[in-house]
2 protein chains.
Amino acid sequence: MSSPQPFTRVNRESTAGLITRQLREAIMYGRLAPGAQLSEAALAAQFGVSRGPLREATQRLVQEGLVHAEPNRGLFVKELNDHEIKDLYAARIAIETAAGRSIIREQRQEAVTALRAAYEAMQTAAEKGDLEELSDADLHFHEVLVASAGSPRLHRMHQTLMVETRMCLTALQGTYRDPEDQVAEHRRIAEAIASADAEGMVEAVESHMQEALDRLSHSQGAAPKAKV
Amino acid sequence: MSSPQPFTRVNRESTAGLITRQLREAIMYGRLAPGAQLSEAALAAQFGVSRGPLREATQRLVQEGLVHAEPNRGLFVKELNDHEIKDLYAARIAIETAAGRSIIREQRQEAVTALRAAYEAMQTAAEKGDLEELSDADLHFHEVLVASAGSPRLHRMHQTLMVETRMCLTALQGTYRDPEDQVAEHRRIAEAIASADAEGMVEAVESHMQEALDRLSHSQGAAPKAKV
DNA sequence: AATCTGCAGATTGTCAACAATCCTGCAGCA
DNA sequence: TGCTGCAGGATTGTTGACAATCTGCAGATT
């Protein structure tokens with residue numbers, strides 16, 4: 001009975017917020033495919049709510065850019081064409097290098113620790129031969145990079161970019177690459193940050209993104225209409 | 001009768017979209033003050049619609065981060081504290097320098113032309129002694145900078161940052177500075193880009209932002225609770 | 001006087017119904 | 001055969017009503 005405030009403020013998420021999160025995840029992982037139309041009536045029934053809250057949720061996704069609304073014709077999951085993917089990776093470079101610079105400038109040692117842990121998790125997955133876990137750990141590394149910069153805005157902007165990145169990876173499954181190379185690239189980014197080498201960090205991020213982009217382009221070229 | 005397609009596709013904006021735009025503008029220019037509660041019934045009546053479309057519009061603003069929703073208690077216009085303003089300017093540096101680098105890398109000559117026109121418009125406003133026009137032209141310069149990079153993602157992210165910037169400037173009216181210095185800083189950015197000097201461009205953007213940030217901080221220090 | 005409780009009013013959250021719009025298929029005409 | 005117009009069905013857009021929640025105030029209790 002001596003603790004001043006044993007409970008914390010309760011904060012229940014709104015219905016629209018709950019729905020938004022689930023829809024975003026479904027989009028990320030391809031359960032709602034690029035180009036697919038979202039039926040309000042069907043989705044509302046699935047969520048067990050009326051169409052009102054469903055519309056509220058989809059408006060959030062519209063603003064986020066993951067869904068586009070065509071008045072009177074419906075809502076469609078965003079599709080990412082070549083130009084979009086290129087722009088996506090360019091935007092990721094901008095955000096991730098800014099985060100890296102911020103970490104270096106502010107000498108955030110705990111960020112280096114977290115980044116090392118992140119690429120070690122990738123190493124573990126690579127040794128297990130678990131490509132899905134490796135892919136998740138790869139994305140997680142990038143999330144750690146930006147989250148570690150401590151900038152709410154960079155973090156927020158990056159989250160949408162990562163949703164889009166996952167959409168690409170989901171749609172273009174099977175883009176194989178050498179796991180050890182994958183791990184090495186991330187180690188290179190983390191160690192450049194650890195040694196306060198901003199130029200090296202930028203170069204490492206850029207070449208990593210370019211490599212990913214090349215792979216995505218080749219994958220699209222090799223499998224015509226490989227999108228779902 | 002020889003033109004293959006003389007008309008373009010008609011695209012009417014949705015009710016929610018229309019309302020969102022107007023609310024965003026009211027937030028930008030302080031008509032809806034930071035911290036203010038948005039009353040659904042009152043706003044819907046003003047717009048001449050039911051609460052449904054109004055709620056859709058405000059959900060977009062919630063996702064954009066300009067409004068935060070507290071379930072069962074209402075919607076509130078975002079407030080920007082010191083940390084937020086600092087983060088805002090850091091994010092602007094990230095986006096604007098990325099845009100500048102992209103322009104330089106792709107040797108976009110029309111961007112240089114547009115940037116020069118933008119700072120010349122600032123010069124004109126400075127000579128007229130019209131501080132409001134100068135402020136608008138200043139913000140416009142930054143918009144031109146990012147728009148000229150031709151990256152939809154950078155553009156989109158920057159738009160929200162500029163809304164927030166305008167919010168700051170509106171709330172902290174009267175932050176005086178020397179117009180000629182203001183113009184000179186923008187000329188410096190544009191000319192660094194024109195001469196493909198990426199480092200000079202970054203330095204110019206960074207010092208310009210730091211200067212703006214210092215001014216905002218001093219303004220807040222000098223006028224306690226200067227926030228309307 | 002200070003604190004607690006209950007209630008009324010205001011506001012937000014959701015629902016179902018109706019209106020508006022679009023798309024598709026079919027019938028009729030040139 | 002190809003084009004046009006129309007009807008029907010499906011879906012989206014909006015509204016008003018009711019439910020749920022929160023806040024502030026008045027009255028009762030300590």
Side-chain angles (χ1 to χ4, degrees), chain A residues 1 4-5 7-23 26-27 32-79, chain B residues 1 4-5 7-23 26-27 32-79:
Chain A
M1 295 305 297
Q5 192 157 6
F7 302 115
T8 59
R9 184 181 178 89
V10 175
N11 212 2
R12 215 171 55 151
E13 191 167 17
S14 66
T15 304
L18 284 166
I19 296 172
T20 302
R21 276 203 300 110
Q22 290 189 55
L23 290 177
I27 289 167
L32 292 175
Q37 177 161 12
L38 305 186
S39 155
E40 294 185 4
L43 286 175
Q46 279 188 53
F47 284 113
V49 299
S50 73
R51 286 170 46 228
L54 191 282
R55 292 179 65 86
E56 288 176 26
T58 57
Q59 293 299 314
R60 293 191 187 193
L61 296 174
V62 166
Q63 179 61 35
E64 191 174 355
L66 297 177
V67 166
H68 76 272
E70 296 186 25
N72 287 309
R73 296 174 67 231
L75 295 158
F76 300 86
V77 176
K78 178 182 200 143
E79 296 180 87
Chain B
M1 295 307 297
Q5 192 159 10
F7 302 114
T8 57
R9 185 181 177 90
V10 175
N11 213 3
R12 215 170 57 150
E13 190 168 17
S14 66
T15 303
L18 284 167
I19 295 172
T20 302
R21 277 204 298 109
Q22 288 190 55
L23 289 176
I27 289 167
L32 293 175
Q37 177 160 13
L38 305 185
S39 155
E40 295 184 3
L43 286 174
Q46 279 188 56
F47 285 112
V49 299
S50 73
R51 286 171 46 231
L54 192 282
R55 291 181 65 86
E56 288 177 27
T58 56
Q59 294 299 314
R60 293 190 187 195
L61 295 174
V62 166
Q63 179 63 34
E64 190 174 355
L66 297 177
V67 166
H68 74 272
E70 297 186 22
N72 288 309
R73 296 175 63 229
L75 295 158
F76 300 87
V77 177
K78 177 179 198 140
E79 294 180 87

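Only this structure's heavy atoms are used, side chains among them; waters, hydrogens and symmetry mates stay out. Every chain is numbered from 1, with letters handed out A, B, ... down the list of sequences.
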Asks: Tell me whether the side-chain N/O atoms of B:R73 come closer than 4.0 Å to OP1 or OP2 in D:dT23.
Replies: yes
Asks: Using a cut-off of strictly less than 4.0 Å, decide whether A:R55 has a side-chain nitrogen or oxygen near OP1 or OP2 of D:dT12.
Replies: no
Asks: Using atom CG of A:L43 as one end and atom C1' of D:dT12 as the other, report the distance to the nearest whole Å.
Replies: 13 Å
Asks: Determine: side-chain N/O of B:S50 to OP1/OP2 of D:dT15, distance under 4.0 Å, yes or no.
Replies: yes
Asks: Among the nucleotides D:dT14, D:dG13, D:dC22, which one has an atom lying closest to any side-chain atom of B:T15?
Replies: D:dT14
Asks: On DNA chain C, nearest-nucleotide positions of B:A69 versus A:N72: which is more 5'?
Replies: B:A69
Asks: If you look at every strand shown and take non-hydrogen atoms under 4.0 Å, does A:L54 touch a base, only sugar-phosphate, or nothing?
Replies: nothing
Asks: From the set D:dT15, C:dT12, D:dG13, return the single nucleotide nearest to any side-chain atom of B:P53.
Replies: D:dT15
Asks: I need the minimum non-hydrogen distance between A:Q59 and B:A16, along with the two atoms involved.
Replies: OE1-CB, 4.0 Å
Asks: What is the distance, to the nearest angstrom, from the CZ atom on B:F76 to the P atom on C:dT11?
Replies: 12 Å
Asks: What are the two closest heavy atoms between A:A44 and A:L54, and how far apart are they?
Replies: N-CG, 4.0 Å
Asks: Could you tell me whether the side chain of A:R51 has a donor or acceptor atom within less than 3.5 Å of a complementary atom in the base of D:dG13?
Replies: yes
Asks: May I have the distance from A:F47 (atom CZ) to C:dG13 (atom P), rounded to whole angstrom?
Replies: 18 Å
Asks: Counting the atoms with a prime plus P, OP1 and OP2 as sugar-phosphate, which does B:G52 contact under 4.0 Å by heavy atoms, base, sugar-phosphate, or nothing?
Replies: base
Asks: Take atom CD of B:E56 and atom P of C:dT14, then tell me their distance rounded to the nearest Å.
Replies: 13 Å
Asks: Considering all heavy atoms of both residues, which atom of B:I19 and which atom of B:A57 are nearest to each other, and what is their separation?
Replies: CG2-CB, 3.5 Å
Asks: Quick one: is B:Q37 getting a side-chain N or O under 4.0 Å of the C:dT11 phosphate, OP1 or OP2?
Replies: no
Asks: Considering only D:dG13, C:dT12, C:dC15, which nucleotide approaches the side chain of B:E40 most closely?
Replies: C:dT12
Asks: What is the distance from atom CZ of A:R60 to atom CD of B:E64, rounded to the nearest 0.5 Å?
Replies: 13.0 Å
Asks: Between B:G48 and A:L75, name the one whose nearest nucleotide on DNA chain D is closer to the 5' end.
Replies: A:L75
Asks: So, for B:Q37 and B:R73, which heavy atoms are closest and what is the spacing to 0.1 Å?
Replies: NE2-O, 2.9 Å
Asks: What integer distance in Å separates B:Q59:CD from C:dG13:C1'?
Replies: 11 Å
Asks: Starting from P on C:dG13, measure out to CD on A:E13 and report it in whole angstrom.
Replies: 13 Å
